[in-house]
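Proteins come first, then strands; the chains are lettered A, B, ... in the order of their sequence lines, and each starts at number 1.
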6 protein chains.
Amino acid sequence: MRPSRRTPDELRHIRLTRHYTKYAEGSVLVEFGDTRVICNASIEDRVPRFLKGAGQGWITAEYGMLPRSTNSRVGREATQGRQGGRTMEIQRLIGRSLRAVVDLVALGEITLTIDCDVIQADGGTRTAAITGSYVALVDAVNKLVKKRIIARNPIHGQVASVSVGIYEGVPVLDLDYQEDSAAETDMNVVMNEAGAFIEIQGTAEGHAFRMNELQSMLDLAKTGITTLLEKQIEALSRN
Amino acid sequence: MRPSRRTPDELRHIRLTRHYTKYAEGSVLVEFGDTRVICNASIEDRVPRFLKGAGQGWITAEYGMLPRSTNSRVGREATQGRQGGRTMEIQRLIGRSLRAVVDLVALGEITLTIDCDVIQADGGTRTAAITGSYVALVDAVNKLVKKRIIARNPIHGQVASVSVGIYEGVPVLDLDYQEDSAAETDMNVVMNEAGAFIEIQGTAEGHAFRMNELQSMLDLAKTGITTLLEKQIEALSRN
Amino acid sequence: MRPSRRTPDELRHIRLTRHYTKYAEGSVLVEFGDTRVICNASIEDRVPRFLKGAGQGWITAEYGMLPRSTNSRVGREATQGRQGGRTMEIQRLIGRSLRAVVDLVALGEITLTIDCDVIQADGGTRTAAITGSYVALVDAVNKLVKKRIIARNPIHGQVASVSVGIYEGVPVLDLDYQEDSAAETDMNVVMNEAGAFIEIQGTAEGHAFRMNELQSMLDLAKTGITTLLEKQIEALSRN
Amino acid sequence: MRPSRRTPDELRHIRLTRHYTKYAEGSVLVEFGDTRVICNASIEDRVPRFLKGAGQGWITAEYGMLPRSTNSRVGREATQGRQGGRTMEIQRLIGRSLRAVVDLVALGEITLTIDCDVIQADGGTRTAAITGSYVALVDAVNKLVKKRIIARNPIHGQVASVSVGIYEGVPVLDLDYQEDSAAETDMNVVMNEAGAFIEIQGTAEGHAFRMNELQSMLDLAKTGITTLLEKQIEALSRN
Amino acid sequence: MRPSRRTPDELRHIRLTRHYTKYAEGSVLVEFGDTRVICNASIEDRVPRFLKGAGQGWITAEYGMLPRSTNSRVGREATQGRQGGRTMEIQRLIGRSLRAVVDLVALGEITLTIDCDVIQADGGTRTAAITGSYVALVDAVNKLVKKRIIARNPIHGQVASVSVGIYEGVPVLDLDYQEDSAAETDMNVVMNEAGAFIEIQGTAEGHAFRMNELQSMLDLAKTGITTLLEKQIEALSRN
Amino acid sequence: MRPSRRTPDELRHIRLTRHYTKYAEGSVLVEFGDTRVICNASIEDRVPRFLKGAGQGWITAEYGMLPRSTNSRVGREATQGRQGGRTMEIQRLIGRSLRAVVDLVALGEITLTIDCDVIQADGGTRTAAITGSYVALVDAVNKLVKKRIIARNPIHGQVASVSVGIYEGVPVLDLDYQEDSAAETDMNVVMNEAGAFIEIQGTAEGHAFRMNELQSMLDLAKTGITTLLEKQIEALSRN
């Protein structure tokens, strides 16, 4: 029995709220149960130094947690003077996942920065962030297309993400914090609308996992991501 | 005429939402119109080094803005590796304002940290932060009292804050961003429930201001703060 | 009775020594009693990035204390790897105060940096720094005018600053460290030659202050600043 | 055809040289073809703060590249004042992989730090580092056992790692830099001696990969790791 | 002919002003011509971590330059977030030089920090700093002895320093900035009262120097240091 | 008797291995007994900011130690966020020594960076680094000449370095760690092929040293450097 009384293949309540703040070109509040992340997409008319003159754009992400988004307060990274390893790992993952579905040459010399800020963390913040960021990205890119700053839509795929794991010997979908901290294996899966993998990151916390366990977890992930992709389309179809 | 069509002595729509996140001992979303700040109060069972053995507690604040809380994206301080001067100035102000209404000896060897994170910035973020932080502080302290960790409530006053300024020659209350960026004078006032000043910070942006202008601005501030103090009591009286 | 045996409206001994060091375009040692601050104005033929192409100049200040300018040694900020919040607050205040009396467009694409370094700190270092910096600024600007680098003098006002406070219930002028650390209220006032306010920063340390106390303090500040403005003119008229 | 003329399931020439430097408790030079990494294990008689009093030890890793270990010089992280995101990601992975085969309670209040420094980078530095670090770890732990500092050997498994990927449509094992930079998919696999997964990290660089491609890559990884585990045993059996 | 019209073996005008600031336990303004350095010695009742429990004290130095102590403004190290290599080199040299004449065990568990802050830099700031720091050190230690905090005076020697160099082919003593920047060789010599070397640091700027040139420079240094040692005694004999 | 049983004027076993890594334009492993340093020379087609438009090139060095190159692990500078004073001192010394034998104008607008990374430290790492760096520099410059990027070879001299000291009252050459840590005086000497000094840095650790001791040490250094210069030529003459 899962602490949340969900079935093993049951997602938490998913909510994608667009236009969450008024300034960002794309602004989405994504909720996976009690996990809440604001994803703001910003358009900037420049490219990073390493792409100067390369005739393409860039998509990058930054991730942060409010100090009290968690059960006990964690130090503010701005005060500590640097981002921790976990933060860097997550923001690099979000950036790669989004770039996988965008034609950067078609984007042109534009940088899209997605800021993912965690208001409340109850497990799965990085998967929620990827899922929400995609929606924010679409909104921002649509503005570029509408204003004719870019000729055609450079987004050629759809991307969402979910965590899976093995909790008390059973493969489960979309772990909350209570499950996550007790899980034997924890895996984050990023997939596209064709059911292919963009990223897989699995870690054995307790015991090493075998091929059949991996298979079960990936099947669960596919189920979950299929629903998340629908939720994204549904959100984007509203106003 | 103010851009928002408000009268000179009219506050924006004020909202104080308690229990905004689930982990913090006190958690308030404060809204002054489109300005939205999350104020989370955390209790920690320790005191900063400079108070070791001094037999008293401490109240401190940290302030941050989401990178896209503003019209154009500002760099994330965690990425830049340090907090800017404005951030430090504001968090020092919030901390001083709250300490002014708390008996730190009665608090005992406890540190209360108030994290003020700006979700959307439309002027007056520091005054909103002070006003919301007071409510979060009360909630956190009440938990300490209820759990009998401290014998008596160390909060001996009430504090709120508002900005005033001179916009197109007229003293106005609670400036939004559009007014603020065009104001000739900008002043932040922090007062207690007795109508006395805890902090005054006034800056002439355009021309230096005279004693009579100062007087008008302080009168407006008093009017505004009186309302804010009521809003705080109202919020605290709700469940 | 004040510890220094001064009357409530009595400034400390004020000294402004120009040409204090030989390299800076303006170099002033300012002394408010035992408080000694070197104010060096440097001319640089560039503007900060945010003003590139804006057709105007900039005036900025940096502030520092020698580690042993105070009673007990404070860590060197260069060693600690960052400026503290108090330092940033003060240098921002000095910069704003000076910019209030200069026409930055008339200054042209030049940056004037005023370095205020505290040799000995006995209270009121920021007000001494503002008062001395004005004189250093005038000296530096006069060199620009004399060399015909700028066509006309862009300084259109005069600025000085003093602290006031309430010490043992009595409003007093120009607090030294002993008074400052025991004061109930501490206020820094920056005024121009017309008696108008450029900046007011008042903080209740002990009890919140009322309107009549504010009025008394501002009156004292005006008296003190009138004298300081005369001292500046006197210093500038020498040699 | 692979650029190195290897067959798809062929590892590069693997070398594990123990006792590479004279001070470290375990010191291994690991070579995967032209990729060369020094893995030094250091024993320290302390635990990190978060484990104080927890009655267990810790294993951590640090990773660095010599500035000219790569084709064009990369800036020295010590000069830049911080480790980059890729560095942090890798050193966290190495640490997790090693901790998966050690009983930290049996280790006792000891910290083992494995420094992995890349002398020459030709692809697969992180997998070489994990493979070499295991051998260095065993040597260091054996010293602890021999000196009777710990009662029994806390290492309960064996761990090695290899990269796999899809290069020109074909799944291949142990990519060198030329393949790696052109690969469509890049995956790092960490396994134990039972053929179970400790960590999987796969990234689609070109197109998203499907379940059957994942399966082929994991099969290749298993083949490669089987050989690497043998090489480790062989190296450890030499004096 | 030297730019300053001094003879090759002539020091600049030397001044040692004790009790320069009022807080430091030893405070000396040292002047070598236009080079002016404040040397403040602070007593702290602790030892650095690496000496905990070692039953001895420590003497350390920190060095800084006011941003406009030089001809063109140099960035403030506190703003840049770190001390430069030259600064570190100099403060390490000052510390070593002073420790060479003090019995650290007799000093007891006390740290003496000497802050050397350059007000005006006209060449030879490090040699002036060493020469002045010795006097500040003696004053501070005498306070410890007078207060019976330490039983006997731990200073067992005297130390001073001067620069020598080869300017236009001629060995010269105590180079000012104009000579220094044009010198072919630049050497800093630290000696004790017995005429023995504590430190020699010589650098060929133009052409490499030969043994006989070294000999001439060291002879000049000895002459200069003899005078400096006398100046120190003279200063210390004044009230 | 020296711990290593060497005679006072005997160098350790010296080895210079060229082409040590495959990417750097010059790559040398230098060994002075158990001290091992990799010296990699990198060519970059740019000059530092302070030389922009000056029509000359630049040679700079960076120095680092692997954390476990020493007897007990020292913290990684990249993790600590800054290079220590000793590191900066050494890399500045290496850079100056190499620049002393190169005509920077003839080099043209090119920067040569020499990375000296210590694999194993048994005393004399800086002198080994200078000696090895010279060989790496020659290899890199020869590539520039061969590719006709520069018209003529800008290296006009040869440079090597050794340490000398007084150990148990006897002047000795090329101290290893055991001698170094017990030496009364420690001196690093850098000389060119004409037997002239490029740099001398001598420090009295125990007692101050006299002129005759200095003379003996410099004689020893000359003997040692003569051999080192031959070893360099020998290494460069091989393939």
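Each of C:Q120, C:R76, C:R82 has some count of heavy-atom pairs under 4.5 Å with chain E, and the biggest count is that of C:R76. Ranking C:K22, C:R36, C:Q80, C:E25 against chain E, the residue ahead of the rest is C:K22, based on heavy-atom pairs under 4.5 Å. The residue among E:E77, E:R68, E:E44 with the most heavy atom pairs within less than 4.5 Å of chain C is E:R68. For the set C:P67, C:A41, C:S42, C:S27, the count of heavy-atom pairs under 4.5 angstrom toward chain E peaks at C:S42. Put simply, of C:N40, C:N71, C:D34, the one with the most heavy-atom pairs under 4.5 Å next to chain E is C:N71. Ranked by heavy-atom pairs under 4.5 Å with chain C, the first of E:E62, E:M88, E:Q83 is E:E62.
Heavy atoms closer than 4.5 Å to chain C are found nowhere in E:T87, neither backbone nor side chain. For chain C, no part of E:Q91 is nearby; none of its heavy atoms comes within less than 4.5 Å. E:I38 touches chain C through its side chain: at least one heavy atom from C-beta onward sits under 4.5 Å away, while N, CA, C and O do not.
Rounding to the nearest 0.5 Å places CG of C:L16 at 8.5 Å from NZ of C:K231. Atom-to-atom distance recorded for C:C39:SG and C:D115:CG is 9.5 Å, nearest 0.5 angstrom. E:L175 contributes atom CG, which lies 5.5 Å from atom CG of E:D180 (distance to the nearest 0.5 angstrom).
Taking both residues in full, the closest heavy atoms of C:Y134 and C:L236 are given as CE2-CD1, 4.4 Å, listed atom of the first, atom of the second, then distance.
Using a 4.5 Å cut-off on side-chain heavy atoms (C-beta onward), C:V141 and C:N153 make contact.
Under the 3.5 Å distance criterion, with hydrogens and angles disregarded, a donor-acceptor pair is assigned to the side chains of C:Y63 and C:R86. Side chains of C:R2 and C:S4: a donor-acceptor N/O pair is absent below 3.5 angstrom, by distance only.
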